[in-house]
There are 2 protein chains.
Amino acid sequence: MRTDAQKNYEHLLAVAREVVTEQGAQASLRDVARKAGVGLGTLYRHFPTREALLEALLRSSFDALTERAAELEASSSPEEALVSWTQRCIACAHEYRGAISLMVSAIDDPRSALHGSCVAMKSAGARLLARAQAEGVARADLVSADLFALISALAWLNDQPSFAPRAEHLFDVVASAILSRRASTDGGKRRSPAPR
Amino acid sequence: MRTDAQKNYEHLLAVAREVVTEQGAQASLRDVARKAGVGLGTLYRHFPTREALLEALLRSSFDALTERAAELEASSSPEEALVSWTQRCIACAHEYRGAISLMVSAIDDPRSALHGSCVAMKSAGARLLARAQAEGVARADLVSADLFALISALAWLNDQPSFAPRAEHLFDVVASAILSRRASTDGGKRRSPAPR
DNA sequence: ACCTGAACACCGTTCAAGT
DNA sequence: ACCTGAACACCGTTCAAGT
């Protein structure tokens, strides 16, 4: 990469970090280029999609997340590891408002620039979940996609200003569901109660 | 209202129902007006905001929801009533993809056209929740805002194509958390596990 | 090899002008 | 009393032209 290109890349990333922090993942890319004092085409060549830009912004956090999963697996109890890592995931996804929606779309789209990060996150979670299930401290009927979904849902709740004040509490509620030993109190009957 | 205005209003609503069903709550309003064969200004006078249009689309569903809450309170056990109504709420919010985000913003914004519907939904849920808590079949540390948040989160999950296949299962998981008798297995200690 | 910005096809929103 | 659609200020995306 030419040195002027390198400089543009880094400056764009720094400006994007500011703008996306302020306005969320749906921030105007035009605005980013403008504030970076760079042509719109320059931004598009360095980051061909919004997802590519977000991936660049989140990459280090995601790498740390995968690393952290391995550490926790070695150092903590299955329950502690799963809960603590889940919490970190949510904080990570919540780093930029609105990012979680793009991530959720990316999990099923291999062409998305965010696909790799999402799959890595799901896989790391799968290991911690399986370990907790083997010890009987997590619901047995959860698959890794469920964990990813619940983490996403909590991250989404955190993004909503009206729910943010109760975010920690809502985390505890969902965490307690993940950690239940049993699948449910009364099997599947609850879904269609007798009308009278 | 003049009869031609009345006709426009109804036709707009019918076209909007189609378009929003197809494209979600973020559908182009221009597109709605175009497909209705009506000037853009006509749409804006009948529905001054996107929220107003959505409110008109969802009004009957919301009314039915409030009614249903009262019925369930009279006819079902506290647990059955809460779970069954929660399920209906989610189905209702899921009626139009992306609608839940607008509803969540509306809960704290009295000027939104969706505010009333959201508050009504939250209040109806509060009654059913309190009834279940009084009987000791729902977590005691939940407030009505928490129930609204969990319903919203599940509706959001349903909106994501990648999560839709597990939607019922995810409902069961969260429902089991709401219905837990205890607040959690080990109090608040779980949130900061010893690092080693 | 990289950068620029005009061009294109869209938005939401407003409001003067028409009927 | 209601309707229309041009006008304005924005988008995302592409790509010919420049350095």
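The sequence lines fix the lettering, A, B, ..., with proteins before strands; numbering per chain opens at 1.
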Please pick, from [options], the nucleotide with the shortest atom-to-atom distance to any side-chain atom of [X].
X	options	result
Arg30(A)	dA7(D), dT13(D), dC2(D)	dT13(D)
Ser28(A)	dT4(C), dC11(D), dT13(D)	dC11(D)
Tyr44(A)	dG12(C), dC2(D), dT14(D)	dT14(D)
Arg45(A)	dT4(C), dC2(D), dC11(C)	dT4(C)
Leu29(A)	dT13(C), dG12(C), dT13(D)	dT13(D)
Arg2(A)	dC2(C), dG5(D), dC2(D)	dC2(C)
Thr42(A)	dT4(C), dT4(D), dG12(C)	dT4(C)
Arg34(B)	dA1(C), dC2(D), dC11(C)	dC11(C)

Between [N] atom [atom2] and [X] atom [atom1], what is the distance in whole Å?
X	N	atom1	atom2	result
Gln26(B)	dC10(C)	CD	P	19 Å
Leu40(A)	dT14(D)	CG	C1'	10 Å
Lys7(B)	dC3(D)	NZ	P	12 Å
Leu12(B)	dC3(D)	CG	C1'	12 Å
Asn8(A)	dA1(C)	CG	P	17 Å
Leu43(A)	dT14(D)	CG	P	13 Å
Leu54(B)	dG12(C)	CG	P	14 Å
Phe47(B)	dT13(C)	CZ	P	15 Å

Check your understanding: So, is His46(B) close to the dC3(D) phosphate, meaning a side-chain N or O under 4.0 Å from OP1 or OP2?
Key -> yes

State whether [X] and [Y] are salt-bridged, where the test is any N-O pair (Lys NZ or Arg NE/NH1/NH2 against Asp/Glu carboxylate O) under 4.0 Å.
X	Y	value
Arg97(B)	Asp159(B)	no
Arg34(A)	Asp31(A)	yes
Arg127(A)	Glu73(A)	yes
Glu135(A)	Arg131(A)	no

Check your understanding: Is the side chain of Asp146(B) donor-acceptor paired with the backbone N or O of Leu142(B) at a distance under 3.5 Å, no angle test?
Key -> no

Check your understanding: Does Arg50(B) or Gln6(A) map to a spot on DNA chain C nearer the 5' end, using the closest nucleotide for each?
Key -> Gln6(A)

Review point. In terms of the nearest nucleotide of DNA chain C, which residue is placed more toward the 5' end: Asp31(B) or Val38(A)?
Key: Val38(A)

**Study point:** Nearest-nucleotide comparison on DNA chain D, the residue closer to the 5′ end among Gly39(B) and Pro48(A)
**Key:** Gly39(B)

Check your understanding: His46(A) and Asn8(A): side-chain donor and acceptor closer than 3.5 Å?
Key -> no

Exercise for review: Using only heavy-atom distances, determine whether the side chains of Glu95(A) and Ser61(A) contain a donor-acceptor pair under 3.5 Å.
Suggested key: yes

Study note, to complete from the structure: If one requires at least 3 consecutive Watson-Crick or G-U pairs with distances under 3.5 Å, the stems of DNA chain C turn out to be C:4-8 with D:12-16, C:12-16 with D:4-8

Exercise for review: Assign Ala27(A) to base, sugar-phosphate, or nothing according to its heavy-atom contacts below 4.0 angstrom with the strands shown.
Suggested key: sugar-phosphate

Check your understanding: More than 12 heavy atoms of other residues, nucleotides or ligands under 6.0 Å from CZ of Arg88(A): is that the case?
Key -> no

